[in-house]
There are 2 protein chains.
Amino acid sequence: MTPGHPSARRARRQKAGDGAAPADDAPSKSSRTRERILDAAAHVLSRKGYAGTRLGDIADQAQLQAPAIYYYFGSRDELIEEVMWTGAQRVREHVTKVLDELPDDTTPVDRICAAVEAHLHLELELSDFATALIRNSGQMPEHLRTRQLAEEAAYGKLWRNLFQDLHEDGRLRPDLDARTAQLLVIGALNWAAEWWNPRRDTYETVLRTAQSLVRHGLSSRSQLADEAGDTARGTTRRTS
Amino acid sequence: MTPGHPSARRARRQKAGDGAAPADDAPSKSSRTRERILDAAAHVLSRKGYAGTRLGDIADQAQLQAPAIYYYFGSRDELIEEVMWTGAQRVREHVTKVLDELPDDTTPVDRICAAVEAHLHLELELSDFATALIRNSGQMPEHLRTRQLAEEAAYGKLWRNLFQDLHEDGRLRPDLDARTAQLLVIGALNWAAEWWNPRRDTYETVLRTAQSLVRHGLSSRSQLADEAGDTARGTTRRTS
DNA sequence: GTCTATATGAGGATAGAC
DNA sequence: GTCTATCCTCATATAGAC
């Protein structure tokens, strides 16, 4: 509410600055405070949920007092909305970038495996944002979800294209429904943020298992033999 | 709080009665009100989260006034705890039952496919309980999670045994980590409650795709050819 | 068994000092 | 930029009528 709120306006200006400048000067002023608040909010949101997220808890985590938050964000809802959007946005940007950098002759299966790696990597990296998103998507008031839904639509389309390519290549096993398979795969990956414990399984193990499951689960003809030793680590490399 | 609370005691007695009697007499008195409240609580909890669940909303959904809830449950927390536990409990019971009824000579892969079917079926059936569980597991105060954690441990062990059998049969592809694969599979299934829309995909489509993905994703040697036409529907039948 | 009325407390948001 | 003090709203839980 109160759209003309002075602190909100100021905050928005700062944010635009951060986002636009690629690597101009240093992360700039002590306006890294904004980042601290955002990270803190993701942390609390993932653990307490939308309704349970107290400005006081966020402030504790960010090492300042609650009213200071209003200097950077117009309201509690505005802050939470940005957490949800940021998580979705960063994952999509990262996966997009990785796919763009793949050689043109990369096969559809390998592209999917690369996407699996990119998704998993960033999701586990940004686990507070990821779990905040996962747990609260269905619990947010609709009007706070517009940006997030746009992100997710775009991200869904990206995956849909990957599966489409696989299908057109005749490599998608015919008893699979493409859309359903895609949602099941993404679900398996998303869920990983809920259970992954770095002290129990290495990231490599999770990645290798996920990629193998996807590769063999999806594709009909096995171009699998010659990849056998390769699936262990990143698929971003050779494709010849 | 207030453990000796009269209404709580009364409520517990009624519940025990409901649970014990298999099909004795009718669902008994208007104490089906308790079920209505429980269902309503699952509905609200899944959409608003632990902290956002208001007794008033539950009351609206159950078609009574908020204070009436205290006749059946000792407190808000007690009610919520029971929702979380009920979801986990019913799924485990159902899957256990289905597995127990399988012929003794059922192969490990087929047993896993049967478990996939049972899990998916009950999860989509009880979607309010399922999504309540999924979204709020990480957001509940620890002291409300004891029963639920016990359920989940038992359920995890059940799946672990399924994968163990597959492994000992030499059918688990060697590049897979059993525990990780299991968590990824369950994750894919759990997530389905988040996106499944009966008006878009039939239950059959989801089930068939999930089973196929799991079967081909997990197993090394293909005993797949002779099952091809069978994976479409339940796997509970033939195994000869 | 279910209601109306109310005591009590927690948390978002603002004003204004520094 | 960040703090202290304060207002106001709203939800749990209880008391007690019907």
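All values below were derived from every heavy atom in this structure, side-chain atoms included, with hydrogens, water molecules and symmetry-related copies excluded. Every chain is numbered from 1 and lettered A, B, ... according to where its sequence line falls, protein lines coming before strand lines.
Remark: P of D:dG1 and OH of A:Tyr72 are 6 Å apart, rounded to the nearest angstrom. With rounding to whole Å, A:Leu79 atom CG is found 13 Å from C:dG12 atom C1'. Taking atom CD1 of B:Ile37 as the reference point, atom C1' of C:dG1 lies 11 Å away to the nearest angstrom. Here D:dT12 presents its P atom at 15 Å from CD of B:Glu78, a figure rounded to the nearest Å. We find that CZ of B:Arg36 is positioned 13 Å from P of C:dG1, with the value rounded to whole Å. The CZ atom of B:Phe73 sits 15 Å away from the C1' atom of C:dG1 (whole-angstrom rounding). When the P atom of D:dG1 is taken as reference, atom OH of A:Tyr71 falls 4 Å away, rounded to whole Å.
In terms of the salt bridge (Lys or Arg N to Asp or Glu O under 4.0 Å) criterion, residue partners of A:Glu81 (sequence neighbours excluded) are, by chain and number, A:Arg147. Taking the salt bridge (Lys or Arg N to Asp or Glu O under 4.0 Å) definition, one finds that B:Arg92 meets it with B:Glu151, sequence neighbours left out. Considering only residues two or more places apart in sequence or on other chains, A:Arg90 meets the salt bridge (Lys or Arg N to Asp or Glu O under 4.0 Å) condition with A:Glu35.
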Verify salt bridge (Lys or Arg N to Asp or Glu O under 4.0 Å) between B:Glu101 and B:Lys97, making sure each step is shown before the conclusion. CA-CA 6 Å; B:Glu101 286 170 356; B:Lys97 184 160 173 289; 3.5 Å; yes
Show which side-chain atoms of residues 179-190 of chain B pair as donor or acceptor with protein atoms under 3.5 Å away, not counting sequence neighbours.
{"unit_1": "B:Arg179", "atom_1": "NH2", "unit_2": "A:Asp201", "atom_2": "OD2", "d": "3.2"}
{"unit_1": "B:Thr180", "atom_1": "OG1", "unit_2": "B:Asp177", "atom_2": "OD2", "d": "2.6"}
{"unit_1": "B:Gln182", "atom_1": "NE2", "unit_2": "B:Gly156", "atom_2": "O", "d": "3.4"}
{"unit_1": "B:Asn190", "atom_1": "OD1", "unit_2": "B:His119", "atom_2": "NE2", "d": "3.0"}

Show me the donor-acceptor pairs within less than 3.5 Å that the side chains of residues 51-68 of chain A make with the rest of the protein, sequence neighbours left out.
{"unit_1": "A:Thr53", "atom_1": "OG1", "unit_2": "A:Gly49", "atom_2": "O", "d": "2.6"}
{"unit_1": "A:Arg54", "atom_1": "NH1", "unit_2": "A:Ala51", "atom_2": "O", "d": "3.1"}

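Listed by residue number, A:Thr53, A:Arg54, A:Leu55, A:Pro67 are the residues of residues 44-69 of chain A with a heavy-atom contact under 4.0 Å to DNA chain C.
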